[in-house]
*Asks:* 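The structure's right below; bear with me while I get my questions together.
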Amino acid sequence: MSLMPTPRRDIAWIGRANALVRYGVLIGVGLIMLYPLFWMVAASFKPNHEIFGSVSLWPRDPTMDGVVKGWRTGTEYSFATYLLNSFAFIIPKVVLTVVSSVLVAYGFARFRMPGKQLWFALMVATILLPKSVLLIPQYLMFREFGWLDTYLPLYIPCAFATDGFFVFMVVQFLRGIPPDMEEAAVIDGCNSLQVLWHVVVPVIMPAIISVALFQFMWSLNDFLYPLIYLSSVGKYPVALALKMAIDVTEATAWNEVLAMSTIALLPSLIVFFLAQKYFVEGITSGSVKG
Amino acid sequence: MYDNRVSGYLYIAPFLIGLATFTLFPFLSSFLLSFSDYQLQDPVQQARFLGLGNYIQMASDDTFYGSLGVTFLYVFITVPLKLAFALFIAFVLNFKLRGIGFFRTAYYVPSILGGSVAIAVLWRYVFAGDGLINQVLVWAGGEPLNWLGEPAYALFTIVLLRLWQFGSAMVVFLAGLQNIPTDLYEAATIDGAGKARIFFTITLPLLTPVIFFNFIMQIVQAFQEFNGPYIITGGGPLKSTYLLPLMIYEEAFKYFNVGYAAALSWVLFLIIALFTIIAFASAKYWVFYGNEREDRE
Amino acid sequence: MTKGRVLLRGVMKSFGAVDVIKGVDLEIAPGELTVFVGPSGCGKSTLLRLVSGLELPTGGSIMIGDRDVTCVHPSERGIAMVFQSYALYPHMSVAENMGFGLKIAGLPKAVIKEKVAKAAEILQLTPLLDRKPRALSGGQRQRVAIGRCIVREPEVFLFDEPLSNLDAALRGQMRVEIARLHAKLGATMIYVTHDQVEAMTLATRIVVLNAGRIEQIGAPIELYRHPANLFVAGFIGSPRMNFMDGIVEAAEADAVHVRLNAATLRLPRHEGDVKPGAKVTVGIRPEHFRVGSAVDAGDDQAVEFDSVIDLVERLGGETLAHLRMPSLSDGVLVVKISGDIPLRIGTGLRVGVRLAQCHLFDADGRAVGASAARVAAVAA
Ligand SMILES: Nc1ncnc2c1ncn2[C@@H]1O[C@H](COP(=O)(O)OP(=O)(O)OP(=O)(O)O)[C@@H](O)[C@H]1O
Ligand SMILES: [Mg+2]
C-alpha cells in the first residue's frame, strides 16, 4: 500500500478547464485586437495591389517600396523632418512637465499652508475640465503673444504644471512614502530644496519616469493643438504630417501611408516595451493607492 | 513640515500662475466670448456684446441638436461597454495564470497608441471599402459593407476605436482586483458563499472606488473625443459622427464663429460638469471607501 | 558646563485645534540618558520632534546647551536623530548615508571620509561601507542610522523607538550596544520607547508622559518604588499593579486604616493627608504577594488572605495566578510567583501581603505617604 496521497483527478480537471477557458478568451480577444496592428505592419511591406487582394498577413512579394516612399513623403520634407519637429517640442514639454509637476506635488504633499485644500481641489478639478472650453481663448492669447506657428504654445504652459493629472500622480506617490527620510535630511542640514533634490527625487524616480513617459506618449499622439497652432508644413510634427498624407495620397498608395503610420507608432511602441512597468504603475497610482 | 509657511506656496507657485493664466483666465474668457459675436479674423477689441444671442441661435440650430444627440449616443454606448469589457477581461486575467504579464501588455498597447493619428489612419483603412474588415467579410462569404459611408456604421467604427482602447481601464481594474486581500475571499468561502455571491458581496463593493475612478475618467474623455471622428470620418456622413468637440473646432477655426464656438464649448463644459457632479454626489451611496488613510502632514 | 544640557520650559504644541503637548517643563542634565515612556498617542514622539526642531512649539522655549534653540533649524541645534524606520537614504551607500550631513555642511571629502571611518569603526560597520541599505539586515541598518548620528558629533542624540522594528533577540543585543555607546560617548541621549525593559535598563531617568503632560520624572527604580500617582503606578511594572478600591476608616500619625471589601488594612505612612471616610485606592504589585511558606507567621507587617484560583499562566521561570480574593476586591487580582509551581484552577490558595509594600492613592489618584520608602528598609 502506498502512503503517497493520490492526486484528486476531478479537482485538477476543474482547475485545468478553468484555465483553458481563460486562455481561450484571452488569446481570442488578443488576436482580434492586435490583428489590425499586425495587418498594418505587414501592409507596409506589401505592394499596393496585394493589400487589397488577400487577408493573409505575410507579404507574398515583400517590398520596401512603401516604406521608402512613405519615408520620403509626398511633400518637400522627408519623414525625418516631421519626426524631428515632433521631438522639438515634445522634449521641452516632457522636461518642463516633470520639473513643474514634481515641484508642485512636493509643495502639496509635504507643506502645511493655509488654503491648501482649496488649491488641491482646484487642481483635481482641472483634470476634469474639458480642453475645448479653454481652446479658443488660449488660441487668442497666444495669438496676442505672437506665438502662432511656433512651438511655444505647445510646451510653455507645461512649465506651470497645467496637467493636473501628473501633479496628482506624483502627490499620490509621495503620500505613500513616509516623510522620515526627508526629516533625516533636514536634520542633516538640508533646506527643503536640497531635501527635494538629494532625497525626494531619487526616491520618487519611478513616478517621475511614469510622468515623463505618459507625457511623451500623449504629446506624440496630440493632434488638435499642433493643428490649430502650426501653419507651416516645415514645422509639422508627425501627427499633422500623417493627416496631410492621407489627404494627398490616400486613394492610391496605401502601403506608403500605412508604412508611415507604422513608423509613426514606432517611438511609442519602443518606449512602451522598454518601460511598460512604469505605465502600469503610473496609471494605477492615481486610482488604486488613493 | 519644515521651512516656513511661505515655502509651500513657493513650490506650488508655478501651478498657481498656470492656473490663473492658462486655465482660469481662458475659462472665464470663453464664458464672456460666448456672449459676443466675435469672429476669429478680427482683433479682439471688435467683439460686440450679443447677450444671449449665441445661445438663442443654438436653441434653433439643427446641427447643434444633431451633434448633441450623436455625442450622447457615443458617450452612452462607449463608456458602459468599455468599462464592462475592461472589467470582464481584468477578471479573466486576475487568476494565477502563466503569462498574465504578456496579456496585460498586449491589451494595454492599443490604449497607449489609440489616440494617435496613425491609428486613426489605420482605422480608416481597416474600414475602407476594400479594407481589412470587408476583405474578411468577403472571405467569410458575406457582403462587404459601406462602413464609412453609412451613418449608423460610421458611428460604429469610431465607437469601436474607443472600445479597442479598453486597456488602460483594464489595467486599473486589474490592479484594483489584485489589491483585494485574498483572506477576504477565503473568509467568505469558509462562510459558505458561492462564487457569484463572493463577486457581488466582496469583489464588486471593494472595487467600487476603482470603478468610480474609471467611470469619471471615461466620461470626461469620451465627451472630448476629437481625433477619431476628425480623421476617420471628418464628422460625416450626414454629420453622423459630428461630435461636439468637432463642431466646436469647426465653428471656431473653419467658420471663424468664435462667439458661437465658445457658447458651444460652455454647453459641453456644463454637460461634463453635470455628469461629474452627479457622479461625485452619488458616490457616497455606492462607492465603498474602506480603511481610509489619515493625511498626516 | 552646560554642553549637552536640554531645558524645556512650558513647551506646548497644538495641531490645529488639538493640543498634543500641554505645557512640559523638563531639565535634562548633560550626559543623561532620558527615556520618554507613555501610552500610544500621548505625545512622546511629538515632544522628541520638538526637541529636534522637526516641529516648532506653539508655546514655551527650548534650550540646548547655553542656546535658546526654540526657532533654530534642526541641523543647527547640535542634535542627531535615529528614526523608528531608520530613514536611511535608499539610493546612497552606507558611507554616503553617514557622511551626507557633513557633505551638506560643505566639509572637505577627506575629513568626511575620516569621520565616517571612525564612526564605522565604533559600530563595526567598516566592511559594509559600500553597501546600499537594501542589502543590510535590520540590525545593520539600525547601526548605520546610529552611525549617521555619531558622525555629526551632536550634543544630544534623539531616538524614536529605534528598536521596535527588530525581533526580540536583536532588540536585546542592540539595547546593550546603545547602553555601551552611551557609556563610551558620554553624550546626552533622549530615547522614546514602548518597551518597559528598554526603559528600565537604559534610562538614567525616565519621564512618564500621559496625554501631553509629564506625570513623573525619576530614576527607573524610583518610579517603580514611589510612583507619584495611579497612572505611573499602573504604567511602570509588568504585569500591572493590582488596584483595589477602599475607604479610609481612620487616620493615625504613622498609619492609615483602609477598609477594602471585607478586610481592613493598616498601612504605614510617613506623610500625606487623608481624612476618615475618604475614598482611596490601594495598589499592590503582583510580585509583592507572598504565597504559602514565604510569609512569616509572626510578622505583624504582613497579612494573609484566602483566594480561589481563577486562571493560571505559566511562563516557566515564573507563574502568574489570577485570583479571586473577595476580602480585598470584587475583581481578579494577579499574583506573580517565581518558579513553576503546580496550581489548579478552582482550588484555594493562601496569599500574604506585606503592608509596607502596599501603595495608597487618594481620590485624585495621587500617592499618599511614601509608604514604599519603608519597602527599601524592609527589603534591606
Ligand atoms: N502632524 C500631526 N497632525 C495632527 N496630529 C498629530 C500630528 N502628529 C501627531 N499628532 C497627534 O498627536 C498625538 C501624539 O502623537 P505622537 O506621535 O507624539 O504620539 P506617541 O506618543 O509618539 O505615540 P506612539 O507611541 O504611538 O508613537 C496623537 O494623537 C497624534 O494623532
Ligand atoms: Mg511615536
Side-chain angles (χ1 to χ4, degrees), chain A residues 19 22 25-26 29-30 33-34 36 39-40 52 55 100 103-104 106-108 110-113 119 122-123 126 128 130-134 136-138 140-141 157 159-162 167 179 186 192 217 221 223-224 228 239 242-243 246 254 257-258 261 264-265 268 272 276 280 283-284 287-288, chain B residues 1-3 5 7-9 11-12 14-15 17-18 22-23 26-27 29-30 44 92 95 97 103 105-106 110 112-113 115-118 121-122 125-126 130 132 135-136 139 164 168 171-172 175-176 179 210 213 220 224 226-227 231 245 248 252-253 258 261-262 265-266 268-269 272 276 297:
Chain A
R22 284 176 194 254
V25 170
L26 290 177
V29 172
M33 283 188 45
L34 295 182
W39 180 76
M40 173 184 70
F52 312 113
V55 219
S100 65
L103 284 174
V104 172
Y106 181 57
F108 273 128
R110 291 296 195 252
F111 291 84
R112 280 194 284 265
M113 52 188 147
W119 299 125
L122 275 176
M123 192 211 51
T126 62
L128 307 176
K131 299 286 169 286
S132 44
V133 81
L134 308 177
I136 296 162
Q138 279 181 354
L140 300 177
M141 185 162 85
F160 299 93
T162 38
V167 179
V186 169
S192 61
M217 291 295 189
N221 290 351
F223 173 66
L224 181 57
I228 65 172
L242 267 178
K243 166 68 177 149
I246 54 169
W254 280 35
V257 179
L258 287 173
S261 296
L265 291 176
S268 301
F272 176 74
Q276 51 149 316
V280 174
I283 195 81
T284 50
S287 55
V288 180
Chain B
M1 176 175 65
Y2 28 77
D3 290 13
R5 48 180 42 205
S7 42
Y9 266 101
Y11 283 104
I12 67 165
F15 163 73
I17 295 170
F22 300 114
T23 307
F27 181 63
S29 305
S30 77
V44 180
V92 175
F95 191 72
L97 284 184
F103 286 111
T105 309
I112 286 287
L113 308 176
S116 68
V117 174
V121 168
L122 168 65
Y125 288 148
V126 165
D130 33 16
L132 174 65
Q135 286 177 29
V136 173
W139 174 76
W164 188 63
S168 62
V171 169
V172 173
N179 241 18
V210 179
F213 172 86
V220 171
Q224 299 191 60
F226 177 83
N227 289 8
I231 289 162
I248 295 170
F253 296 99
V258 170
S265 75
W266 260 79
L268 179 63
F269 160 70
I272 295 180
T276 1
E297 296 170 48

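All chains are named by letter (A, B, ...) in the order of the sequence lines, taking the proteins before the strands, and each is independently numbered beginning at 1. As the structure is a computational prediction, the values presented were derived from the model and not from experiment.
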*Asks:* Which heavy-atom pair separates A:Leu103 from B:Tyr11 by the least distance, and what is that distance?
*Replies:*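 Closest approach of A:Leu103 to B:Tyr11: O-CB, 3.5 Å.
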*Asks:* Among the options B:Leu122, B:Val171, B:Ile248, pick out the one with the most heavy-atom pairs lying under 4.5 Å from chain A.
*Replies:*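 Top count of heavy-atom pairs under 4.5 Å with chain A: B:Leu122.
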*Asks:* Please report the shortest heavy-atom distance between B:Val121 and A:Ser261, naming the atom on each side.
*Replies:*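 Scanning both residues, the minimum pair turns out to be CG1-OG, 3.6 Å.
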*Asks:* Name the member of B:Ile112, B:Val258, B:Thr276, B:Val126 that forms the most heavy-atom pairs with chain A at distances under 4.5 Å.
*Replies:*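 It is B:Ile112.
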*Asks:* What is the ring orientation for B:Tyr125 with A:Trp254, classed by angle as parallel under 30°, tilted 30 to 60°, or perpendicular over 60°?
*Replies:*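 Geometry flag for A:Trp254 against B:Tyr125: parallel rings.
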*Asks:* What part of B:Phe103 gets closer than 4.5 Å to chain A, counting heavy atoms only: side chain, backbone, both or neither?
*Replies:*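 Side chain of B:Phe103 only, per the 4.5 Å heavy-atom cut-off to chain A.
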*Asks:* Just so I know, are the side chains of A:Ile136 and B:Ser30 near enough to count as touching, which here means a heavy-atom distance under 4.5 Å?
*Replies:*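 Heavy-atom side-chain distance check fails, nothing below 4.5 Å.
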*Asks:* Any side-chain heavy atom of A:Met113 sitting closer than 4.5 Å to one from B:Ile12?
*Replies:*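 Side-chain contact under 4.5 Å: yes.
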*Asks:* Where does B:Phe226 contact chain A at under 4.5 Å (heavy atoms): side chain, backbone, both or neither?
*Replies:*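 The side chain, not the backbone.
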*Asks:* Is it the side chain or the backbone of B:Phe15 that comes within 4.5 Å of chain A heavy atoms, both, or neither?
*Replies:*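 Interface part for B:Phe15: both.
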*Asks:* B:Ser168, B:Ala106, B:Ser116, B:Gly18: which one forms the most heavy-atom pairs within less than 4.5 Å of chain A?
*Replies:*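 The residue among B:Ser168, B:Ala106, B:Ser116, B:Gly18 with the greatest pair count is B:Ser116.
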*Asks:* Could you tell me which portion of A:Thr126 (side chain, backbone, both or neither) has an atom closer than 4.5 angstrom to a non-hydrogen atom of chain B?
*Replies:*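 When you check distances to chain B, only side chain atoms of A:Thr126 fall under 4.5 Å.
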*Asks:* Which region of B:Ala261, side chain (C-beta onward) or backbone (N, CA, C, O), has a non-hydrogen atom less than 4.5 Å from a non-hydrogen atom of chain A, or is it both or neither?
*Replies:*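 Contact with chain A is through both the backbone and side chain of B:Ala261.
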*Asks:* In terms of heavy-atom proximity below 4.5 Å to chain A, should B:Thr105 be classed as side chain, backbone, both, or neither?
*Replies:*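 Contact with chain A involves both backbone and side-chain atoms of B:Thr105.
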*Asks:* Please state whether the side chain, the backbone, both or neither of A:Met33 comes within less than 4.5 Å of a heavy atom of chain B.
*Replies:*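 For A:Met33, the contact with chain B is made by backbone and side chain together.
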*Asks:* Report which part of A:Val167 has an atom under 4.5 Å of a heavy atom belonging to chain B: side chain, backbone, both, or neither.
*Replies:*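 Looking at A:Val167, nothing touches chain B.
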*Asks:* Could you report the tightest heavy-atom contact between B:Leu132 and A:Pro36, atom names first, then the distance?
*Replies:*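 Looks like CD2-CA, 4.3 Å.
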*Asks:* What are the two closest heavy atoms between A:Lys131 and B:Gln224, and how far apart are they?
*Replies:*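 The pair with the smallest heavy-atom distance is N-OE1, 2.8 Å.
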*Asks:* As an exercise: rank B:Leu113, B:Leu268, B:Ile17, B:Ile231 by heavy-atom pairs under 4.5 Å with chain A and give me the winner.
*Replies:*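 Of B:Leu113, B:Leu268, B:Ile17, B:Ile231, B:Leu113 has the most heavy-atom pairs under 4.5 Å with chain A.
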*Asks:* Relative to chain B, which of A:Ser132, A:Ala264, A:Ala159, A:Ser268 shows the most heavy atom pairs under 4.5 Å?
*Replies:*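 The answer is A:Ser132.
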*Asks:* To the nearest 0.5 Å, what is the distance between CZ on B:Phe269 and CG on A:Leu128?
*Replies:*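 Those atoms lie 10.0 Å apart.
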*Asks:* Do you know which of A:Pro137, A:Ala161, A:Ser100 has the most heavy-atom pairs under 4.5 Å to chain B?
*Replies:*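 Of the candidates given, the most pairs with chain B belong to A:Pro137.
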*Asks:* I'd like to verify something: which residue of B:Trp164, B:Phe27, B:Phe22 has the highest number of heavy-atom pairs under 4.5 Å with chain A?
*Replies:*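 Highest number of pairs under 4.5 Å: B:Phe22.
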*Asks:* Non-hydrogen atoms of chain A under 4.5 Å away: do they reach the side chain of B:Val220, the backbone, both or neither?
*Replies:*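 When you check distances to chain A, only side chain atoms of B:Val220 fall under 4.5 Å.
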*Asks:* At a heavy-atom separation under 4.5 Å, does A:Phe272 approach chain B through its side chain, its backbone, both, or neither?
*Replies:*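 Interface part for A:Phe272: side chain.
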*Asks:* Which atoms of B:Ile272 come close to chain A, meaning under 4.5 Å heavy atom to heavy atom: side chain ones, backbone ones, both, or neither?
*Replies:*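 It is the side chain, since no backbone atom gets that close.
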*Asks:* Among A:Ile228, A:Leu34, A:Leu242, A:Thr162, which has the most heavy-atom pairs under 4.5 Å with chain B?
*Replies:*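 Greatest number of close heavy-atom pairs with chain B: A:Ile228.
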*Asks:* Report which part of A:Leu26 has an atom under 4.5 Å of a heavy atom belonging to chain B: side chain, backbone, both, or neither.
*Replies:*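 Interface part for A:Leu26: both.
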*Asks:* Mind ranking B:Pro110, B:Ser29, B:Ala118 by heavy-atom pairs under 4.5 Å with chain A and telling me who comes out on top?
*Replies:*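 Winner by heavy-atom pair count: B:Ala118.
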